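Heads up, the thing below is written out as structure tokens.
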Amino acid sequence: MLIPTAPSLLLAVRGEIVHFTDDPIGHGVEACVHFPDGLLLVRDGHVLDCGPAAELEPGLPMNVRRVDCSGKLILPGFIDTHTHSAQTEIIASYGEQLTTWLEKYAWPAEARHADPAYAAAGAGFFCDQLLRHGTTTAMVFTTVHPASADALFEAARARRMRMIAGKVLMDRNCPEFLRDTHTVGDAQSRALIEKWHGRERLAYAVTPRFAPTSTEEQMRRAGRLFGEVPGLYLQTHLAEQRAEVAWAMWLYPGARSYLDIYERFGQLGARSMFAHCVWLDDEDRCRMAARGASMSFCPTSNLFLGSGLFDLGRARDFGLRVGLGSDVGAGTSFSMLQTLNEAYKVLQLAGQTLTPEAGFYLATLGGARALYLDAHIGNFLPGREADFIVLDPRATPLLEARIARATTLTERLFALMMLGDDRCVTATYVLGEKIPA
Ligand code: GUN
Ligand code: ZN
């Protein structure tokens with residue numbers, strides 16, 4: 001292979017490489033690309049090539065920057081399609097279901113982010129947690145305060161992360177101290193879009209928290225804004241708990257379903273991300289697929305709050321775009337490995353399964369597709385942004401004992417998704433640069 005100019009900038013990472021060019025479910029084994037002794041070549045923050053070391057080594061120039069990761073797995077950075085930057089500190093708060101959990105834990109935590117200094121410290125810690133768990137891209141709810149969105153975008157920008165985020169819109173059914181109005185919320189969102197959307201690796205998501213906490217006028221304006229600006233995202237919660245569905249239907253009489261509320265207000269389309277999607281019917285799935293909307297599967301949160309079991313098989317039947325969401329702080333881990341652990345068990349309960357390959361696809365390229373970012377991230381095709389992680393499959397004594405008996409990649413990936421967490425992430429690279437530990 002001939003290496004083009006500027007060889008001094010070339011980074012060559014050697015180890016066991018795994019990435020996906022498609023969903024292994026439905027596209028067979030070739031969708032999973034595996035080089036047991038592979039080389040990932042990175043130049044100027046982008047993937048130059050990826051293949052067997054024996055093929056690529058002979059063409060390398062002398063002054064290449066080499067990183068030896070033998071014995072470790074090299075994968076694309078994880079993608080978290082749904083989480084909350086201001087809920088880090090309430091992770092693992094005991095004993096409630098959604099509405100009481102919001103009142104008891106989420107509202108007081110989010111209120112603290114009105115203070116820009118507090119928001120900045122929290123956003124920095126949140127981004128560092130994502131990175132130490134191997135997550136390089138996330139779609140994030142901040143709080144109702146524009147300062148918390150500014151803080152998150154600043155923190156992501158400083159770390160060069162891909163980040164999609166928005167200020168929460170919420171003008172009813174929440175405490176006075178967390179309420180905006182439809183005019184103020186709209187104006188604040190527009191100002192944040194002006195400031196951050198499309199800047200470097202950042203994008204803005206219009207963020208009506210969920211239908212019950214917005215008035216019809218706020219919902220209407222959110223839908224209008226979403227349709228106005230090219231490339232803009234929209235994120236919200238949908239059909240998480242049965243009581244929440246009943247509440248939404250009561251607040252919006254005449255709607256066919258909870259999803260229909262969002263559709264009526266122009267919020268259903270390509271780049272709209274709906275977290276949870278537990279209590280849907282096939283008409284909802286059909287509408288979502290037809291509009292190109294995406295779902296975030298949040299297994300740790302759905303189990304923690306007792307919400308229900310996400311039906312991945314049915315989402316697949318409709319060809320829906322699905323990513324994984326940690327949903328911290330109702331979710332119980334930043335780790336996409338732990339999120340896969342619980343996704344597997346949720347599907348077992350539903351008589352379905354999650355093969356390790358399908359799981360790691362969801363955490364990487366599946367998430368990128370759900371965010372319409374697969375032309376930029378999610379795998380190691382030439383030209384992709386070089387966000388990648390190095391996983392040690394022997395990071396703990398227990399993993400070491402299990403891996404000693406694992407003979408196939410499938411077994412090793414499964415051990416990682418069952419037993420792994422941030423201890424397995426030995427390095428996270430963003431745009432080809434290693435994040436300092
Ligand atoms: N629905 C509305 N807001 C929230 C939230 O903060 N967390 C979860 N899990 N569900 C929600
Ligand atoms: Zn959420």
Side-chain angles (χ1 to χ4, degrees), residues 1-21 33-35 37-53 55-57 59-80 124 127-138 153-164 198-203 336 360 363-365 367-368 371 373-392 422 424-437:
M1 201 204 87
L2 257 184
I3 304 297
T5 52
S8 58
L9 295 175
L10 192 68
L11 172 71
V13 190
R14 187 165 181 172
E16 182 173 4
I17 295 177
V18 182
H19 72 116
F20 298 88
T21 54
V33 181
H34 177 214
F35 304 118
D37 179 15
L39 210 53
L40 177 65
L41 301 181
V42 174
R43 200 185 58 179
D44 296 335
H46 291 72
V47 175
L48 184 64
D49 208 346
C50 173
E55 268 177 34
L56 296 178
E57 270 289 344
L60 290 184
M62 297 291 283
N63 58 345
V64 60
R65 186 153 60 97
R66 288 174 186 279
V67 180
D68 180 9
C69 300
S70 42
K72 311 238 170 44
L73 285 154
I74 300 163
L75 284 100
F78 291 139
I79 297 170
D80 187 342
C127 289
D128 290 342
Q129 284 296 307
L130 289 175
L131 292 169
R132 72 169 287 130
H133 287 84
T135 297
T136 48
T137 291
F153 281 124
E154 284 290 4
R157 194 175 70 97
R159 292 159 180 79
R160 303 202 304 158
M161 298 171 74
R162 260 205 184 270
M163 192 73 77
I164 304 166
R199 186 169 163 192
E200 295 163 28
R201 304 185 84 198
L202 310 174
M336 285 295 119
F360 280 85
T364 56
L365 184 61
L371 295 176
L373 287 174
D374 46 308
H376 304 284
I377 54 169
N379 62 21
F380 294 144
L381 292 181
R384 298 290 189 270
E385 294 162 8
D387 290 348
F388 60 95
I389 56 175
V390 181
L391 295 182
D392 181 359
D422 53 329
C424 298
V425 182
T426 61
T428 301
Y429 286 75
V430 171
L431 289 178
E433 293 296 330
K434 186 175 172 181
I435 300 297

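Predicted model only: the values in this text are computed from it and were never measured.
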Discussion item. For a 4.5 angstrom cut-off between non-hydrogen side-chain atoms, does Ile74 reach Val13?
Written reply: yes

Response to the item:
What one should report as the nearest heavy-atom pair of Leu391 and Phe360 is CD1-CE2, 4.4 Å

Worksheet item: Ile17 pairs by side-chain contact (heavy atoms from CB on, under 4.5 Å) with which of Val33, Leu40, Leu73?
Response: Leu40

Practice prompt. To the nearest 0.5 Å, tell me how far Leu373 CG sits from Thr137 OG1.
Written response: 7.0 Å

Worksheet item: Looking only at atom types and distance, does a side-chain atom of Thr364 sit under 3.5 Å from a main-chain N or O of Pro76, one as donor and one as acceptor?
Response: no

Discussion item. Working note: Met336 + Asp80, criterion side-chain contact (heavy atoms from CB on, under 4.5 Å); need CA distance, chi angles, decisive distance, verdict.
Written reply: CA-CA 7 Å; Met336 285 295 119; Asp80 187 342; 3.6 Å; yes

Item to complete: Apply the side-chain hydrogen bond (donor to acceptor under 3.5 Å, both in side chains) test between Asp387 and each candidate in His376, Arg201, Arg160, Arg162; give the one that qualifies.
Response: Arg201

Worksheet item: Mind checking whether Phe380 and Phe388 have parallel, tilted or perpendicular rings, split at 30° and 60°?
Response: perpendicular

Practice prompt. Kindly determine whether Val64 and Leu11 satisfy side-chain contact (heavy atoms from CB on, under 4.5 Å), including the steps that lead there.
Written response: CA-CA 6 Å; Val64 60; Leu11 172 71; over 6 Å; no

Worksheet item: Is there a donor-acceptor pair under 3.5 Å between the side chain of His34 and the backbone N or O of Val18?
Response: no

Worksheet entry | Basic-acidic side-chain contact under 4.0 Å: Arg159, Asp128 | yes

Worksheet item: Counting only N and O atoms by type, is there a donor-acceptor contact under 3.5 Å from the side chain of Thr428 to the main-chain atoms of Leu131?
Response: yes

Worksheet item: Can Arg14 and Asp68 be counted as an ion pair, charged N to O under 4.0 angstrom?
Response: no

Discussion item. Counting C-beta onward and ignoring hydrogens, is there a side-chain heavy-atom pair between Glu57 and Asp37 closer than 4.5 Å?
Written reply: no

Practice prompt. Side-chain contact test, heavy atoms from C-beta onward, threshold under 4.5 Å: evaluate it for Leu10 versus Val42 and give yes or no.
Written response: no

